[in-house]
Q: 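One structure follows; several queries about it will come next.
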Amino acid sequence: MKKITGIPLLDINNHIIGKITYKPIKHSLRQDFIFVANGEKLESGYAAILVTKRNRDPKGTTILCNLEDIKYLNTGDVVSIEPNGNINVLYKKNSVGNVLLVTERCNCSCIMCPQSLVTKEDDKSPFIFKIISLIDNNTQLLGITGGEPTLIGDKLIDIITACKQRLPKTKLIMLTNGIKLENFDYVKKIVMVQHPDLTIDIPLYADTDTEHNNIIGANGFYKTIQGLYNLARFKQKIGIRIVIHKLNYKRLPQLAEFIYHNFPFVFHIAFMQMETMEVAKKNIDILWIDPYDYNEQLEKAVTYLWKRGMNVSIYNAQLCVLPKNLWRYTRKSISSWKNIYLEECGKCDYLENCGGFFASSLELHSQHIEIIKKN
């Protein structure tokens, strides 16, 4: 999530969550709103007020912010304010890349994880329910992610239920490693929520137990397989995700065959370029391969699945790195707050169609980036 630096003008004791507004709100409704003041006299009752100049008479929680940072915030965005004044953007009203981070704990230790390892944390569910209550009910898409979401047990069921009730028109995509879904009764609880548009995306990094377990740092291969079959028994909408790196690219064609023969019921398969953050960055010497150098294996895997009628995509990839016949499978999949383009990309005729880069790719990216002209 994007973080904005702020300075509290009065002491803050606890985290504050609220929805951004640039217009004054009726006093009785102010407690859920964070008002962005534009020079007018400050009024009380808001969860917090953001200002760009020091005010002689701050009302309640008043945060001093940089004007350029404030411009990032739009009416309807949801943010949290830390006691030190820093602002975390939890939800962007105009984005399709919003997620609920329900836990940072995980039961795997994937060698290419873009997050740092967290072993202990406070219960995030009250925080998550508050966010859900503030999200615009016309939101198209919302993700549920972690860490590993299933580690919060039945609270995950409650969160899916809250999304169904509060955001009935919003498509929900949950990312899980699927290990806990080997429990049939737990899968039944999730499915019985009867969310109208829930997709459960599960990673499968190899067609062999040894390779997959080595990548995730846990004995999870057969549990994840069982989880996929449990979901299928309820006709749950399922996706499979494959992050590609040096340890698994050689067997992408075999993995595609494995998926087709064993999971023909899945709704979607996504092959993904790696995000080189945190754990992945620490292990970069054993993980990194220029994406251009696995095009042969990627092309075989994608076309194999497509020819057999399966719905397949390529995420997080740059058009200039891929053979042109794979462009049709690419999607703009990187969350807007961490999606960047290189300076030379501005001269490319296909910029608007390209997925671009993770912000972390500034330091390390393909050596085959080039400007492409239509004529």
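Index from 1, following the sequence.
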Q: Report yes or no: do N316 and E275 form a side-chain donor-acceptor pair below 3.5 Å?
A: no
Q: Take E296 and K300 through the test salt bridge (charged side-chain N to carboxylate O under 4.0 Å, His left out) and record every step on the way to the result.
A: CA-CA 6 Å; E296 179 185 346; K300 286 180 180 177; 3.5 Å; yes
Q: Take atom CH2 in W306; do more than 12 heavy atoms of anything else shown fall under 6.0 Å from it?
A: no
Q: Is a donor from one side chain sitting under 3.5 angstrom from an acceptor on the other, for T103 and E121?
A: yes
Q: Take D154 and K189, measure what salt bridge (charged side-chain N to carboxylate O under 4.0 Å, His left out) needs, and give me the verdict at the end.
A: CA-CA 8 Å; D154 286 352; K189 286 182 181 179; 3.1 Å; yes
Q: Might you work through the salt bridge (charged side-chain N to carboxylate O under 4.0 Å, His left out) test for K237 and D197, ending with a clear yes or no?
A: CA-CA 8 Å; K237 200 173 180 181; D197 196 354; 3.7 Å; yes
Q: Is the Y304 ring parallel, tilted or perpendicular to the Y260 ring (thresholds 30°, 60°)?
A: perpendicular
Q: I need the minimum non-hydrogen distance between S335 and G97, along with the two atoms involved.
A: OG-O, 3.6 Å
Q: Name the one of Q273, H368, H365 that satisfies side-chain hydrogen bond (donor to acceptor under 3.5 Å, both in side chains) with Q318?
A: Q273
Q: Is the shortest side-chain heavy-atom distance between I215 and H245 below 4.5 Å?
A: yes
Q: Could you walk me through whether D201 and R241 satisfy the salt bridge (charged side-chain N to carboxylate O under 4.0 Å, His left out) test, starting with their C-alpha distance in whole Å, then the side-chain angles of each, then the deciding distance to 0.1 Å, before giving a yes or no?
A: CA-CA 7 Å; D201 276 5; R241 296 190 174 203; 2.8 Å; yes
Q: Under the 3.5 angstrom rule, does the side chain of N98 hit a backbone N or O of K92 as a donor-acceptor pair?
A: yes
Q: Group every Ile, Leu, Val, Met, Phe, Trp and Tyr by side-chain heavy-atom contacts under 4.5 Å, then state whether I157 and I131 land in the same group.
A: yes
Q: Can you find a pair of side-chain heavy atoms, one from L117 and one from E104, that are under 4.5 Å apart?
A: no
Q: Is it the case that the ring center of Y46 lies less than 6.0 angstrom away from the ring center of F33?
A: no
Q: Counting neighbours of CZ on F129 that are heavy atoms of other residues, nucleotides or ligands and sit closer than 6.0 Å, is the number greater than 12?
A: yes
Q: Less than 4.5 Å apart, side chain to side chain, heavy atoms only: is that true for I111 and V279?
A: no
Q: Given the side-chain rings of Y329 and F271, with only the six-membered ring counted for Trp, is the space between their centroids under 6.0 Å?
A: no
Q: Are V266 and I202 grouped together when hydrophobic residues (ILVMFWY) are joined by side-chain heavy atoms under 4.5 angstrom apart?
A: yes
Q: First locate atom CD of E299, then atom CG of L252, and finally report the distance between them rounded to the nearest 0.5 Å.
A: 12.5 Å
Q: More than 12 heavy atoms of other residues, nucleotides or ligands under 6.0 Å from CG of N325: yes or no?
A: yes
Q: Is NZ or CZ of K338 both nearer than 6.0 Å to the six-membered ring centre of F358 and within 45° of the ring axis?
A: no
Q: Got L326 and I314 here, is their nearest side-chain heavy-atom distance under 4.5 Å?
A: yes
Q: Can you list the steps and then say if L101 with I128 is a side chain to side chain contact (heavy atoms under 4.5 Å, CB included)?
A: CA-CA 8 Å; L101 181 65; I128 298 298; 5.7 Å; no
Q: Residues two or more places apart in sequence or in another chain: which of them pass side-chain hydrogen bond (donor to acceptor under 3.5 Å, both in side chains) with D123?
A: S125, K155
Q: Describe, in one word, how the ring planes of F263 and F258 are oriented to each other, choosing from parallel (under 30°), tilted (30 to 60°) and perpendicular (over 60°).
A: perpendicular
Q: If I compare all heavy atoms of C108 with all of A218, which pair ends up nearest, and what's the gap?
A: SG-CB, 4.2 Å
Q: Hey, quick one: are L231 and I160 part of the same hydrophobic cluster, counting side-chain heavy atoms closer than 4.5 Å, chains of contacts allowed?
A: yes
Q: Would you say the side chains of K93 and N74 form a donor-acceptor pair under 3.5 Å?
A: no
Q: Hey, could you give me the CG/OG1 distance between N283 and T276, rounded to the nearest 0.5 Å?
A: 12.0 Å
Q: Centre of Y72's six-membered ring, under 6.0 Å away, within 45 degrees of the axis: is that where NZ or CZ of K2 sits?
A: yes
Q: The test is side chain to side chain contact (heavy atoms under 4.5 Å, CB included); show your working for Y222 and E182 and say whether it passes.
A: CA-CA 9 Å; Y222 292 108; E182 71 159 343; over 6 Å; no
Q: Between N88 and E82, does any side-chain donor sit less than 3.5 Å from a side-chain acceptor?
A: yes
Q: How long is the span from the SG atom in C106 to the CD1 atom in I216, to the nearest 0.5 Å?
A: 8.5 Å
Q: Would you name the heavy atoms of A37 and I49 that are closest together and state the gap between them?
A: CB-CG2, 4.0 Å
Q: Once you round to the nearest 0.5 Å, how far does NZ of K124 lie from CD1 of I159?
A: 11.0 Å
Q: For the NZ atom of K188 and the CD atom of Q236, what is their distance to the nearest 0.5 Å?
A: 15.0 Å
Q: With sequence neighbours left out, which residue pairs that include part of residues 138-152 fulfil the side chain to side chain donor-acceptor pair (under 3.5 Å) condition?
A: Y91-T139, N138-K169, E148-T150, E148-T176, E148-N177
Q: Might you point out which heavy atoms bring Y341 and F357 nearest each other, and give the distance in Å?
A: CA-CD1, 4.1 Å
Q: Step by step, would you call M174 with L156 a side chain to side chain contact (heavy atoms under 4.5 Å, CB included)?
A: CA-CA 10 Å; M174 182 171 76; L156 176 62; 3.6 Å; yes
Q: Looking at every heavy atom in both P83 and I12, which two are closest together, and how far apart are they?
A: CB-O, 3.5 Å
Q: Between I269 and N311, does the side chain to side chain contact (heavy atoms under 4.5 Å, CB included) criterion hold? Intermediate values first, please.
A: CA-CA 6 Å; I269 304 112; N311 182 19; over 6 Å; no
Q: For H268 and T199, test the side chains for any donor-to-acceptor distance below 3.5 angstrom and give the result as yes or no.
A: no
Q: Does any non-hydrogen side-chain atom of H27 lie less than 4.5 Å from one of S44?
A: yes
Q: In the single-linkage hydrophobic clustering (I, L, V, M, F, W, Y; side-chain heavy atoms under 4.5 Å), do I190 and L142 co-cluster?
A: yes
Q: So do the side chains of E68 and N66 get within less than 4.5 Å of each other, counting heavy atoms only?
A: yes
Q: A side-chain contact here means heavy atoms from C-beta on lying under 4.5 Å apart; do E211 and N248 qualify?
A: yes
Q: Find out whether the Lys NZ or Arg CZ of K180 is both under 6.0 angstrom from the six-membered ring centre of Y186 and within 45° of the ring's axis.
A: no
Q: Is the closest side-chain heavy-atom distance between R233 and F184 below 4.5 Å?
A: yes
Q: A quick test of your reading: do over 12 heavy atoms of other residues, nucleotides or ligands sit less than 6.0 Å from NZ of K250?
A: no
Q: Same cluster for V193 and I135 if Ile/Leu/Val/Met/Phe/Trp/Tyr side chains link at under 4.5 Å?
A: yes
Q: Which heavy atom of I132 sits nearest to which heavy atom of C163, and what is that distance?
A: CD1-SG, 3.8 Å
Q: Evaluate whether atom NZ of K373 has more than 12 neighbouring non-hydrogen atoms of other residues, nucleotides or ligands under 6.0 angstrom away.
A: yes
Q: If you measure from CD1 on I20 to CG on L73, what distance do you get to the nearest 0.5 Å?
A: 4.5 Å
